[in-house]
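Read the structure below first, then the notes.
Reminder, nothing fancy here: chain letters follow the sequence lines and each chain counts from 1. Values reported hereafter were calculated over all heavy atoms of this structure, with side chains retained and with hydrogens, waters and symmetry mates removed.
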2 protein chains.
Amino acid sequence: MAESSSPDVRTTAEAWESLFRTQVAVMRRMQQLPEFKKLAMREYDVLFNLSLCPGGWSRLNELNEALLISQPSLSRMVDRLEKKGLVLRRTAQNDQRGIEISLTDEGRALQKNIGREHVKHLHSMLAPLLTEDEFGQLRGLTDKLHSGLKND
Amino acid sequence: MAESSSPDVRTTAEAWESLFRTQVAVMRRMQQLPEFKKLAMREYDVLFNLSLCPGGWSRLNELNEALLISQPSLSRMVDRLEKKGLVLRRTAQNDQRGIEISLTDEGRALQKNIGREHVKHLHSMLAPLLTEDEFGQLRGLTDKLHSGLKND
DNA sequence: TCAGTTTACATGCATTTGCATTCACTGTCG
DNA sequence: CGACAGTGAATGCAAATGCATGTAAACTGA
């Protein structure tokens, strides 16, 4: 079996660029879907991340780490989502400075609705392009990158 | 050799989610780098895409397809980049409605500078996480997705 | 050829974003 | 304790963004 040397700069950069461009191509197609007329992509992203939260409540700063927007932007986005009745906000128990956020029933329902369409479109877009095994490999590789980045 | 069936909905969705979350994790780390104090990420992205353009000139709508921002946003971003002396803008030859954009020398130099740092940081972030072969596999898979999406 | 449609980009305007800063609470060290 | 640095979120304000629309050029088909 051939040995795989430590990757050089060119290899990592080209792999990243390919990944990034693929993400852009998929996102552009997603953004145009009718579901995202109801709720902006970035707002959906907040609901989606909240839906993954084990206890249902997430700290604002923790949530922020999973998003590409700034802390003040998220703070105000949560304001808006709260006014729309999609999320709840409460002061954190252990730290009076912090706040915790969770989905309302309505927010959870909306996330599920949009998520379902989301997944359906993803499948119709992507499924023809790789085999089941290849998707598994892809996921294995990106999971490895993702988990490697978390502890740095 | 095992046969790989057509991928199911869950498989494609999970692979996408993993890819997307990895992209977010990398981007968050990139955004904080000092190079992006000079020029916003999105503006760099425009310069980068122009730098790839074979003839040096790119149509606005063509450029827009490689980005996640709206057409009016790009139109005004090009205004700003032009005022900063980083890009040139001219009316397209064959179509008086269209405009073509290219980097100035200064724009090209800035893109190269930022790009160099960009790549260096990418490498230090990612290289320890996969082998050379794995980066090759990753690139192969995302290239396949990307090229499959272009012709739809 | 010329009305009707489509395509490419620009603009008006309300909303959202980010940066810098502030405010409130926490933790530390003398 | 009590000043002081550190942390988490909110706010003022200028800049950037998107949607809807406008303008102009290019197609299209009687």
Side-chain angles (χ1 to χ4, degrees), chain A residues 24 27-47 49-50 53 57-84 86-102, chain B residues 24 27-47 49-50 53 57-84 86-102:
Chain A
V24 170
M27 277 297 170
R28 272 196 72 80
R29 284 164 181 75
M30 298 290 265
Q31 276 184 335
Q32 292 163 352
L33 299 177
E35 298 86 75
F36 291 107
K37 303 301 175 193
K38 305 174 198 167
L39 204 63
M41 197 83 173
R42 288 172 156 182
E43 293 178 325
Y44 171 74
D45 223 34
V46 171
L47 300 194
N49 276 283
L50 284 175
C53 209
W57 292 90
S58 174
R59 283 289 294 266
L60 188 64
N61 55 359
E62 185 186 350
L63 190 55
N64 201 175
E65 282 168 21
L67 303 169
L68 286 176
I69 63 177
S70 66
Q71 173 270 313
S73 282
L74 177 57
S75 189
R76 282 190 264 236
M77 190 185 291
V78 169
D79 281 348
R80 296 191 300 268
L81 292 172
E82 195 181 19
K83 272 170 199 143
K84 287 184 188 174
L86 299 172
V87 305
L88 296 173
R89 162 193 240 152
R90 72 179 184 198
T91 307
Q93 308 91 330
N94 303 332
D95 188 341
Q96 295 292 111
R97 294 168 301 181
I99 71 161
E100 294 173 331
I101 301 144
S102 91
Chain B
V24 170
M27 277 297 170
R28 272 196 72 79
R29 285 164 180 74
M30 298 290 264
Q31 276 185 336
Q32 292 164 352
L33 300 176
E35 298 86 73
F36 290 109
K37 303 299 174 192
K38 306 174 198 167
L39 204 64
M41 197 84 173
R42 288 172 157 183
E43 293 179 325
Y44 171 74
D45 223 34
V46 170
L47 299 194
N49 275 284
L50 283 174
C53 208
W57 292 90
S58 174
R59 282 290 294 264
L60 189 63
N61 55 357
E62 184 186 350
L63 190 55
N64 201 174
E65 282 168 21
L67 303 169
L68 285 176
I69 62 177
S70 67
Q71 174 271 313
S73 280
L74 178 57
S75 189
R76 282 190 264 236
M77 190 185 291
V78 169
D79 280 349
R80 296 192 300 267
L81 292 172
E82 194 180 20
K83 272 169 199 144
K84 288 184 189 175
L86 300 172
V87 306
L88 296 173
R89 164 191 238 151
R90 72 179 184 199
T91 307
Q93 308 91 330
N94 304 332
D95 187 340
Q96 295 292 112
R97 294 169 301 180
I99 70 162
E100 292 172 332
I101 300 145
S102 89

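For Asn94(A) and Ser70(A), each mapped to the nucleotide of DNA chain C holding its nearest heavy atom, the one lying further toward the 5' end belongs to Ser70(A). Place Gln31(A) and Asn61(A) on DNA chain D by their nearest nucleotides, and Asn61(A) ends up nearer the 5' end.
Counting heavy atoms from C-beta on, the side chains of Val87(B) and Leu47(B) come closer than 4.5 Å. Contact of the Ile101(A) side chain with the Leu81(A) side chain is not registered, since no non-hydrogen atoms from C-beta on lie closer than 4.5 Å. Counting heavy atoms from C-beta outward, Leu50(B) and Trp57(B) have side chains that stay 4.5 Å or more apart.
Side-chain N/O atoms of Gln71(A) and base N/O atoms of dA10(D) include a donor-acceptor pair closer than 3.5 Å. Side-chain atoms of Arg76(A) come within donor-acceptor range of the base of dG18(C), with a qualifying N/O pair under 3.5 Å. Within 3.5 Å, no donor on the side chain of Arg97(A) pairs with an acceptor on the base of dT26(C), nor the reverse.
A sub-4.0 Å separation between OP1 or OP2 of dA9(D) and a side-chain N or O of Arg59(A) is present. Checking the phosphate oxygens (OP1, OP2) of dT17(D), a side-chain nitrogen or oxygen of Arg80(B) falls inside 4.0 Å. OP1 or OP2 of dT17(C) sits under 4.0 Å from a side-chain N or O of Arg42(A). For dA10(D), one of the phosphate oxygens OP1 or OP2 lies less than 4.0 angstrom from a side-chain nitrogen or oxygen of Ser75(A).
The interatomic distance linking Lys83(B) (NZ) with dA16(D) (P) rounds to 10 Å, in whole Å. Rounded to a whole Å, the CD atom of Gln96(B) is 11 Å from the C1' atom of dA26(D). Atom pair Asn64(A):CG and dG8(D):C1' shows a separation of 11 Å (rounding to whole Å applied). A straight line from CG of Leu68(A) to C1' of dT16(C) spans 16 Å, rounded to a whole angstrom. Separating the CG atom of Leu81(B) from the P atom of dA16(D) is a distance of 10 Å, rounded to the nearest angstrom. The nearest whole Å value for the distance from the CD atom in Glu43(B) to the C1' atom in dG18(C) is 13 Å. Regarding Leu63(B), its CG atom lies at a distance of 14 Å from the P atom of dA8(C), rounded to whole Å. In this structure, the CG atom of Leu39(B) is 16 Å from the P atom of dA15(D), given to the nearest Å.
Between dC9(C), dT17(C), dA26(D), one nucleotide has an atom nearer to the side chain of Met77(A) than all others, and that is dT17(C).
Residue Ile69(A) is in sugar-phosphate contact alone, with no base atom involved, counting any heavy-atom pair closer than 4.0 Å across all strands shown. At the heavy-atom level, Asp95(A) lies under 4.0 Å from the strands shown only through sugar-phosphate atoms.
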Set out, in order, the CA-CA distance, both residues' side-chain angles and the distance that settles salt bridge (Lys or Arg N to Asp or Glu O under 4.0 Å) for Arg59(A) and Glu100(A), then state yes or no. CA-CA 4 Å; Arg59(A) 283 289 294 266; Glu100(A) 294 173 331; 5.6 Å; no
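Checking each of Arg89(B), Arg90(B), Arg76(B) against Glu82(B) for a salt bridge (charged side-chain N to carboxylate O under 4.0 Å, His left out) leaves exactly one that passes, namely Arg89(B).
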